[in-house]
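For reference, the structure discussed in these notes is given below.
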Amino acid sequence: KDSKIQEYIEAVKKEIELQKIKSEITTIYVGGGTPSYIESKYIKEIIEEIKKKNVSNDAEITIEINPGTVTLEKLKDYKECGINRLSIGLQSTQNNLLKQIGRIHDFEQFVETYMMARKEGFKNINVDLMLGLPNQRIEKIDFKKEFNNFITII
């Protein structure tokens, strides 16, 4: 619920604060659900709280993003707070499958998001693809087409 976001973020920050971490943190992953849905100021607050711990200068800091929930402003904020890896939830390059599984984006919006991220300087980007979706048959998947759609934009 949108009305609970700030309260939830405060609880997450408190939980981070209470953690006694002795070893160096080399990986931070902000994910599960769609963290790019919320305002980027909240993500920045979480990352800043984590950075009060023993975080390596070259830590890999990842956030999951979905096309349709991220803006150039959010990407700039993510970069500014030290996020250096994006995980984009594409799921499929086929618009009909995206619609069937209730995604809010189409392949073209993914391309736009990917290009914005590259323009903002993100070089470490992974893309989630799903296999075994409803009405998707392994023998019907054209892997060359599926991956060529993606490779073409790189």
Side-chain angles (χ1 to χ4, degrees), residues 1-9 11-13 15-16 19 21 23 25-47 49-50 55-56 58-79 81-154:
K1 293 186 175 186
D2 288 354
S3 63
K4 298 285 187 186
I5 292 173
Q6 187 167 358
E7 182 181 342
Y8 176 77
I9 296 304
V12 169
K13 289 176 4 187
E15 180 70 24
I16 293 165
Q19 295 302 310
I21 300 171
S23 58
I25 298 170
T26 58
T27 303
I28 299 167
Y29 193 91
V30 181
T34 309
S36 59
Y37 172 79
I38 65 173
E39 292 179 48
S40 54
K41 71 177 184 177
Y42 296 124
I43 301 300
K44 288 172 73 172
E45 290 176 18
I46 290 170
I47 298 297
E49 191 64 40
I50 295 171
V55 177
S56 169
D58 63 347
E60 180 179 270
I61 305 174
T62 304
I63 187 168
E64 287 184 11
I65 64 171
N66 283 337
T69 66
V70 75
T71 62
L72 188 56
E73 179 184 335
K74 285 182 178 182
L75 290 170
K76 287 179 183 206
D77 285 346
Y78 297 158
K79 193 83 164 148
C81 72
I83 293 173
N84 52 26
R85 181 173 177 265
L86 301 176
S87 179
I88 305 176
L90 169 59
Q91 313 318 352
S92 175
T93 63
Q94 299 171 24
N95 288 334
N96 64 322
L97 286 176
L98 291 170
K99 188 173 185 177
Q100 285 176 16
I101 62 172
R103 302 303 288 190
I104 63 168
H105 69 276
D106 58 24
F107 181 71
E108 292 69 30
Q109 288 170 308
F110 160 77
V111 171
E112 183 180 317
T113 299
Y114 180 85
M115 298 308 283
M116 261 193 316
R118 295 292 299 194
K119 182 178 180 181
E120 194 50 42
F122 286 97
K123 294 180 181 154
N124 192 353
I125 301 172
N126 92 263
V127 177
D128 289 340
L129 289 172
M130 293 179 164
L131 295 178
L133 294 170
N135 301 315
Q136 182 186 47
R137 301 290 175 257
I138 195 76
E139 63 273 3
K140 302 247 180 193
I141 296 173
D142 182 346
F143 284 99
K144 282 187 178 182
K145 181 180 180 203
E146 190 83 10
F147 291 104
N148 282 341
N149 277 344
F150 176 68
I151 292 169
T152 301
I153 65 167
I154 298 174

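Side-chain atoms are counted along with the backbone in the values below, which use heavy atoms only and exclude waters and symmetry mates.
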Distance, nearest 0.5 Å, that separates [atom1] of [X] from [atom2] of [Y]:
X      : Y      : atom1 : atom2 : result
Glu60  : Ile83  : CD    : CD1   : 11.5 Å
Ile5   : Ile38  : CD1   : CD1   : 6.0 Å
Leu72  : Glu112 : CG    : CD    : 10.5 Å
Lys13  : Glu45  : NZ    : CD    : 3.5 Å
Glu108 : Thr113 : CD    : OG1   : 11.5 Å

Are any side-chain N or O atoms of [X] and backbone N or O atoms of [Y], one a donor and one an acceptor, separated by less than 3.5 Å?
X      : Y      : result
Asn66  : Thr69  : no
Arg103 : Gly89  : yes
Asn95  : Phe107 : yes
Thr34  : Ser36  : no
Thr71  : Lys74  : yes
Gln109 : Asp106 : yes

What's the shortest heavy-atom distance between [X] and [Y], and which atoms?
X      : Y      : answer
Thr62  : Leu86  : CG2-C, 4.4 Å
Leu133 : Gln91  : CD1-O, 4.5 Å
Lys79  : Glu120 : CE-O, 3.7 Å
Ala59  : Ile25  : CB-O, 3.9 Å
Lys44  : Cys81  : CG-CB, 3.9 Å
Ile101 : Met130 : CD1-SD, 4.3 Å

Can you confirm whether the side chains of Glu64 and Tyr29 place a donor and an acceptor under 3.5 Å from each other? yes

Just by distance, with hydrogens left out, do Tyr42 and Asp77 show a side-chain donor and acceptor under 3.5 Å apart?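 No pair is found: no donor N or O on one side chain lies under 3.5 Å from an acceptor on the other.
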
Using a 6.0 Å cut-off, check whether atom CD of Glu73 has over 12 heavy atoms from anything other than its own residue.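 Not more than 12 within 6.0 Å, no.
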
Under 6.0 Å from the CD atom of Gln100, do we count more than 12 heavy atoms belonging to anything else shown? yes

Is the shortest side-chain heavy-atom distance between [X] and [Y] below 4.5 Å?
X      : Y     : answer
Asp128 : Ile88 : no
Phe122 : Asn84 : no
Ser87  : Ile65 : no
Phe110 : Thr93 : no

Which residue in the set Val12, Ile9, Ile16 passes side chain to side chain contact (heavy atoms under 4.5 Å, CB included) when paired with Glu49?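 Running side chain to side chain contact (heavy atoms under 4.5 Å, CB included) over Val12, Ile9, Ile16 with Glu49 returns exactly one hit, Ile16.
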
Passing option when Ile61 is tested against Thr26, Ile47, Asn124, Thr27 for side chain to side chain contact (heavy atoms under 4.5 Å, CB included): Ile47

